[in-house]
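Structure first, then comments.
On a predicted model such as this, the values are computed, not experimentally measured, just so you know. Note on naming: letters A, B, ... go to the chains in the order of the sequence lines (proteins, then strands), and numbering restarts at 1 for each one.
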Amino acid sequence: MSSLQPVRGTHDLMFDDMRRHRHIEAVALEIAGRYGYGEIATPVFEFTEVFTRTLGDTSDIVTKEMYTFTTKGGESITLRPEGTAGVARAFITGGLAQQTPLKFFYRGPMFRHERPQKGRQRQFHQIGAELIGVAGPQADVEVIALAAHILKELKVAGTITLQLNSLGDVESRLAYRDVLVKYLSERRDQLSEESRARLERNPLRVLDSKDPGDQAAIKDAPRFTQYLNEASTTFFREVQDGLTALDIAFTLNPSLVRGLDYYSHTAFEFTTDALGAQGTVLAGGRYDGLIKDMGGPQTPGIGWAAGIERLSMLLSDLAPAKRPLAVIPVGAAEERPAELLTAELRRAGFSVDLGYGGNMGKRMKRANKVSAIAALILGEDEVKNGVVTLRNLDSGEQSSVPRTELMAQLKPFA
RNA sequence: GCGGGUGUAGCUCAGUUGGUUAGAGCAUCUGGUUGUGGUCCAGAGGGUCGCGGGUUCGAGUCCCGUCACUCGCCCCA
């Protein structure tokens, strides 16, 4: 392996890839703005504790996927594997508890040491939204509506469905946890090794397993919905009613258990059938305990994150970039006048390509290659007569335009 | 972390039961056209066959290892 290869699971983004990323970010940011979100950028690395305390000691991300290193000063630092922990930390650091509700939108790279696949990289990019300080279900509805709105505006391909579940409040979850552990323990020998480990540490995750043995064991397990207390049930009902009122379709999925430990109540996931195994395009949920767990004041929150690379794969082709004008000097004597004309046109707002040498034929070829919409040819005669030859590169029509009329004549190409 | 597939020119790929100088299309460059591109014609350059080792008189082809990509498991965005 050459050391000039990019690190496994990382990619260079250029030109068209970047345009797609920017488009997704721009659309998301604009829509989020309509919902009152302001942008936040937290550092790409934090003290390791920020993640271990919030994501939970049992989550896969913490136990096997973090890029953690020790600095020269002996501090343990981790490249952020997700965005919520950093935003919550910033919320506490900034003493923002007095200013709730607050709405944060973020975008940027995340890092997870996973085995790369289609739609799964070690450095990838997310957009995300967090609404902090609203305990009621209308927050859940609005946050999900924002997500749905962005996906709709991006016109992503394939069938996207919204899966919805409730993880209940702490009381409900503890009650259910006891019942579930008891049930699963009785069928311990049917469970996969992975699930047996989870039984001790995070039993709800067993419900998420696709292992056939686990599936069979889970089949008649007590349903969480039966153990939701009244408050949790009402909350979940109101979320569903709110979504229905907004005409946002969803599917209830009792086995939807988020991988991160900080979630409670609403959990949701927008999935597609168009990306193979990596079907989750946007996911999130409510995290009422997170900020307090981190050492801040008790503050409810809800949010989501979406993978830009995955969205990008679902995006149809972007509108082509703005086509430039090509300025073409015929001989050495016209180089300087061509540079001046180019500068003038750029100041006037045009995108202009000025070739870098070669005879006229070569420069015309280059104009074609950069898909220029028109060529402005400047030769000895043109300079002498104060005109430029304007050639429409699509139609081949060509005319001599006095410099004084040039800007007006170029209007159709702007 | 586990299992399967793939790796030949810048790109997409072909390469017979192992056998001489490894091919095509596209792209690039040059010329036809020293003030006119996109079409066309002619020609040229470009490959340690992912990397390392092994078997063999001989390896792109077979074997082992390794790296990367890819599909699935897992996990998730």
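Between the side chains of A/S76 and A/T70, no donor-acceptor pair is found at a separation under 3.5 Å. No hydrogens or angles considered: a donor-acceptor pair under 3.5 Å links the side chains of A/T389 and A/E382.
When rounded to the nearest whole Å, the span between CZ of A/R107 and C1' of B/A77 equals 17 Å. In this entry the distance linking CG of A/L390 with P of B/G37 reads 17 Å, nearest Å. Straight-line distance from the CG atom of A/N392 to the C1' atom of B/G37: 12 Å, rounded to whole Å.
B/G46 and B/C26 have their C1' atoms separated by 14 Å, given to the nearest Å. Here the separation of B/G53 from B/U16, taken at their C1' atoms, is 28 Å to the nearest Å. Here the separation of B/U48 from B/G52, taken at their P atoms, is 11 Å to the nearest Å. Between B/A9 and B/A44, the two C1' atoms lie 15 Å apart (nearest whole Å).
When distances run from any side-chain atom of A/P116 to the nucleotides B/G35, B/C69, B/G72, the shortest one goes to B/C69. Minimum atom distance to the side chain of A/R391 is reached by B/U36, of the listed B/C74, B/A77, B/U36. In the set B/C75, B/G37, B/C71, B/G37 carries the atom at the smallest distance from any side-chain atom of A/M364. If you check B/G1, B/G38, B/C76 against the side chain of A/R120, the one that comes closest is B/G1. The side chain of A/D381 lies closest to B/G35, out of B/A77, B/G35, B/G37. With B/G37, B/U36, B/A77 as the candidates, the nucleotide lying closest to the side chain of A/T389 is B/U36.
Two residues, A/N368 and A/H113, neighbour RNA chain B, and the one matched to the more 5' nucleotide by heavy-atom proximity is A/H113. In this structure, A/T10 and A/T271 both approach RNA chain B, and ranking their closest nucleotides by distance from the 5' end singles out A/T10.
With hydrogens and angles ignored, no donor-acceptor pair closer than 3.5 Å exists between the side chain of A/Q398 and the base of B/G37. For A/R310 and B/C76, a side-chain-to-base donor-acceptor distance below 3.5 Å is present, hydrogens and geometry of angles not being considered.
For B/U30, one of the phosphate oxygens OP1 or OP2 lies less than 4.0 angstrom from a side-chain nitrogen or oxygen of A/K362. Residue A/R8 places at least one side-chain N or O closer than 4.0 Å to OP1 or OP2 of B/C69.
Within 4.0 Å of A/E382, counting heavy atoms only, lies at least one base atom of the nucleic acid. At the heavy-atom level, A/G83 lies nowhere under 4.0 Å from the strands shown.
Counting heavy atoms from C-beta outward, A/Y35 and A/V143 have side chains that stay 4.5 Å or more apart.
For the pair A/R187 and A/Y183, the cation-pi test (distance below 6.0 Å, angle within 45°) is passed.
Paired regions of RNA chain B, where each region holds three or more successive Watson-Crick or G-U pairs whose two hydrogen-bonding distances fall under 3.5 Å, are B:1-7 with B:67-73, B:10-13 with B:23-26, B:28-32 with B:40-44, B:50-54 with B:62-66.
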